[in-house]
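To start, the structure itself, in structure tokens.
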Amino acid sequence: MFNISLNEDELKTIYLEEVQKRLEDWEQQTLLMDMKELCKMLSLSRPTVEKLFIYNPNFPSMRVGKKWLFPRKEVEEYIKRWSIDVRKKGCVIECD
């Protein structure tokens, strides 16, 4: 005969970690993101994001009413290219 015991706290932790992973996967699959999600993705404040990207005509963005929306995959590709360029130039980005 087998005896199985479960640590409920450990089980809860594992469950919550899995839920978080699934939410992150789902978030990555969404087509568009808003300004709040973009700031979170870039770990930058809204004023910094606006200064560096929003008003740049090459940055993939669209305005729907009063809301800015960004195609997730295009933004990821743009940021990869942008970060490579910044590093190649050895730039220090000043944002006040």
Side-chain angles (χ1 to χ4, degrees):
M1 180 185 266
F2 293 100
N3 184 12
I4 298 175
S5 64
L6 298 173
N7 179 323
E8 288 187 27
D9 289 335
E10 188 174 330
L11 187 60
K12 182 178 178 181
T13 300
I14 292 169
Y15 173 79
L16 291 174
E17 287 172 358
E18 285 300 315
V19 167
Q20 184 64 35
K21 286 179 192 175
R22 304 259 190 251
L23 286 172
E24 288 170 5
D25 288 345
W26 178 76
E27 184 178 85
Q28 289 298 316
Q29 294 173 9
T30 58
L31 182 60
L32 297 173
M33 61 184 158
D34 62 13
M35 179 66 84
K36 185 176 179 178
E37 292 170 301
L38 178 63
C39 292
K40 182 179 177 183
M41 176 181 146
L42 299 175
S43 298
L44 297 171
S45 68
R46 183 181 177 118
T48 300
V49 169
E50 287 176 352
K51 185 174 183 176
L52 291 176
F53 304 113
I54 301 306
Y55 300 111
N56 179 336
N58 297 320
F59 188 73
S61 62
M62 64 186 105
R63 186 108 186 211
V64 179
K66 295 181 179 182
K67 188 169 188 163
W68 284 101
L69 295 174
F70 311 94
R72 183 178 299 278
K73 296 296 180 192
E74 290 179 48
V75 168
E76 289 171 356
E77 291 168 12
Y78 181 93
I79 295 299
K80 285 177 189 175
R81 290 190 311 270
W82 175 82
S83 66
I84 290 168
D85 289 344
V86 167
R87 286 180 283 163
K88 281 182 182 176
K89 293 176 185 174
C91 295
V92 174
I93 301 168
E94 296 291 332
C95 294
D96 296 324

Rounded to the nearest 0.5 angstrom, the CZ-OG distance for Phe70 and Ser61 is 5.5 Å

Here the pair of heavy atoms bringing Pro60 nearest to Pro71 is O-CD, 3.5 Å

Between the CD1 atom in Ile79 and the CG atom in Leu42, the distance rounded to the nearest 0.5 Å is 5.0 Å

In this structure, CZ of Arg87 is separated from NZ of Lys89 (nearest 0.5 Å) by 13.0 Å

Sorted by chain and number, sequence neighbours left out, side chain to side chain contact (heavy atoms under 4.5 Å, CB included) with Glu50 holds for Met35, Arg46, Ile54, Tyr55

Quick one: does Lys73's side chain get under 4.5 Å of Leu31's, heavy atoms only? no

* To do: Check the pair Glu37 / Arg72 against side-chain contact (heavy atoms from CB on, under 4.5 Å), numbers first and verdict last.
  => CA-CA 10 Å; Glu37 292 170 301; Arg72 183 178 299 278; 4.0 Å; yes

Derivation and outcome, side-chain contact (heavy atoms from CB on, under 4.5 Å), residues Val49 and Cys39: CA-CA 7 Å; Val49 169; Cys39 292; 3.8 Å; yes

Residues at least two apart in sequence or cross-chain that pass ring pair (Phe, Tyr, Trp, His ring centres under 6.0 Å) with Phe53, listed by chain then number, are Phe59, Trp82

Hits for side-chain hydrogen bond (donor to acceptor under 3.5 Å, both in side chains) against Asp34, two or more places apart or cross-chain, chain-then-number order -> none

Under 3.5 Å, which donor-acceptor pairs do the side chains of residues 7-18 form with other protein atoms, sequence neighbours left out?
{"unit_1": "Asn7", "atom_1": "OD1", "unit_2": "Asp9", "atom_2": "N", "d": "2.9"}
{"unit_1": "Asn7", "atom_1": "OD1", "unit_2": "Glu10", "atom_2": "N", "d": "3.1"}
{"unit_1": "Thr13", "atom_1": "OG1", "unit_2": "Asp9", "atom_2": "O", "d": "3.0"}
{"unit_1": "Glu18", "atom_1": "OE2", "unit_2": "Lys21", "atom_2": "NZ", "d": "3.3"}

Quiz item: Taking it one step at a time, do Met33 and Leu69 satisfy side-chain contact (heavy atoms from CB on, under 4.5 Å)?
Solution: CA-CA 6 Å; Met33 61 184 158; Leu69 295 174; over 6 Å; no

One should read off an interatomic distance between Leu32 CG and Glu74 CD, to the nearest 0.5 angstrom, of 9.5 Å

